[in-house]
There are 2 protein chains.
Amino acid sequence: METAVLRGRPREFDVDHALTAALRVFWSKGYEGASMTDLTDAMGITRPSLYAAFGNKESLFRKALDLYEREKLCYMGQALEAPTARGVAQRLLQGSLENQTSRDDPRGCLGVISSVACGAEADCIRQEVLERGRIAHQALIERMERAVAEGDFHTPVDAEGITKYLTAILQGMAVQAGAGASREDLQRLVDTTLAVWPSR
Amino acid sequence: METAVLRGRPREFDVDHALTAALRVFWSKGYEGASMTDLTDAMGITRPSLYAAFGNKESLFRKALDLYEREKLCYMGQALEAPTARGVAQRLLQGSLENQTSRDDPRGCLGVISSVACGAEADCIRQEVLERGRIAHQALIERMERAVAEGDFHTPVDAEGITKYLTAILQGMAVQAGAGASREDLQRLVDTTLAVWPSR
DNA sequence: CAGTTTCCATATCGCTCGGTAGATAATTAC
DNA sequence: GTAATTATCTACCGAGCGATATGGAAACTG
């Protein structure tokens, strides 16, 4: 659906590069905490350029969220392909740890930040983030149902319970990362979780 | 340090009642999400009355935080007195669940909301909340050290690791409660955590 | 009573917010 | 060449933010 030939004055900045910069701002400060001035400064463009290219703040955030899922959360899909429930948990925990302690990225999880730190004004943003979380949650439930059926667990657990449990640990890890926990701290959390994990 | 004799016109509203109302606003919307208009509306007082009685927004928040710890987090101290590590975890999880699903209170944990949802402008608020969290965390570590020494754990874990682990689950529970999880959902999370808990 | 102190209400301050108007610059279409 | 189209710039809008100045009313002391 792209126009075959571009007319008019060409854009002077790279849209993908600018969106990456915007994602970092949202990731650091949350949706409401990120002001348009913060965003334009980081993106290196002026305010009207931003509106022309991305619509408005909400639309920009959604595009940044897409980028975040595409670039930063791809490990989740791979994690579900692990052969055992323990493997799934291990990949999710380790991937989340890598993601949240990468040297160049902000700490914490954009999804957790955006769902917790959203005022009433931006409730549709919050709902959007929660909905995306529900989709991932559902996929994890289904993977755990398979693990239960395959007899992975040596402790009696139900798929929904173990999914909420693992999700809670991942969310708690994001909270601790955002609070400034070191990589060693989070690695200890991962190790402990795997030490008590009730399946092969 | 109270003035022995009150002179001048007495205050027409109840400070504790107003502070309780303010706490509910901060609990629902976070520090920055709560506007002075939100606060004065909920407290039933005018803006100058608020400033005269509580100083400024930051000071009001600290007083609300004190009230929150005193009224809502007292179960934590009691939890540490349980005879076994499992008892500590059980009381913390169940107390947190009750706290976050009470019919009349907002969902989620004020501490988590305030530490995650704080922009750069209110960083001293964030630091204050994190510091209070560190104090509680340290107390839990010491309790777990005792449990390790007393041989509570049948899986090899270290006190700091199991503390970060349990804290993460409590934080994750707060995130899920804030996201709208039902009491039954959270109860399942608690039950699963206790089902895999590695100690007596 | 007078005098003092404090509270409350209105109206406003300076500032930042998200978003935009209008003029100018750079490119393509003809 | 000229017209059309699009991006960019400066400057600005109305609204909401936290916080306050001011003035009058109310309740205390002596």
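Letters A, B, ... are given to chains in the order of the sequence lines, protein chains preceding strands, and every chain is numbered from 1.
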*To the nearest Å, give me how far apart CE (B:Met36) and P (C:dT12) are.*
20 Å

*What about A:Arg9: does its side chain form a donor-acceptor pair under 3.5 Å with the base of C:dA25?*
yes

*Any side-chain N or O of B:Ser49 less than 4.0 Å from the OP1 or OP2 oxygen of C:dC8?*
yes

_Under-4.0 Å salt bridge between B:Arg146 and B:Glu150_ = yes

*Nearest-angstrom distance from the residue atom CZ of B:Arg47 to P of D:dG16*: 12 Å

*Among D:dT5, C:dC7, D:dT20, the one nearest A:Arg7 by side-chain distance*: D:dT5

*Rounding to a whole Å, what distance do you find between B:Leu60:CG and D:dA19:P?*
10 Å

_From CD of A:Glu12 over to P of D:dC9, roughly how many Å is that when rounded to an integer?_
6 Å

*Closest to the B:Pro10 side chain, choosing from D:dA27, D:dG18, D:dT8*: D:dA27

*Quick one: does B:Ser59's side chain have a donor or acceptor within less than 3.5 Å of a partner on B:Phe54's backbone?*
yes

*Partners passing side chain to side chain contact (heavy atoms under 4.5 Å, CB included) against A:Ala85 (at least two apart in sequence or in another chain)*: A:Met144, A:Ala147, A:Asp152, A:Phe153, A:Trp197, A:Ser199

*Would you check if the side chain of B:Arg107 reaches a backbone N or O of B:Ala177 as a donor-acceptor pair within less than 3.5 Å?*
no

*Taking atom C1' of D:dG16 as reference, at what distance in whole Å does atom NZ of B:Lys57 sit?*
12 Å

*asked:* At 4.0 Å (heavy atoms only), tell me whether B:Ala122 reaches a base, stays on the sugar-phosphate, or touches nothing.
replied: nothing

_What is the separation between atom CZ on A:Arg11 and atom P on C:dT28, rounded to the nearest whole Å?_
15 Å

*May I ask you to say what B:Ala53 touches in the nucleic acid, namely base, sugar-phosphate or nothing, with a heavy-atom cut-off under 4.0 Å?*
nothing

*Using a cut-off of less than 4.0 Å, is there contact between a side-chain N or O of A:Thr46 and OP1 or OP2 of D:dT8?*
no

_Residue whose closest nucleotide on DNA chain C lies nearer the 5' end, A:Glu32 versus B:Phe13_ = B:Phe13

*Kindly say whether A:Ser96 contributes a backbone atom to a donor-acceptor pair with the side chain of A:Asn99 at under 3.5 angstrom?*
no

_Whole angstroms only, please: what is the CG-P distance between A:Leu50 and D:dT8?_
11 Å

*With a 4.0 Å cut-off on heavy atoms, is A:Pro48 in touch with a base, just the backbone sugar-phosphate, or nothing at all?*
base

*Interatomic distance where OH belongs to B:Tyr31 and C1' belongs to D:dC17 [whole Å]*: 12 Å

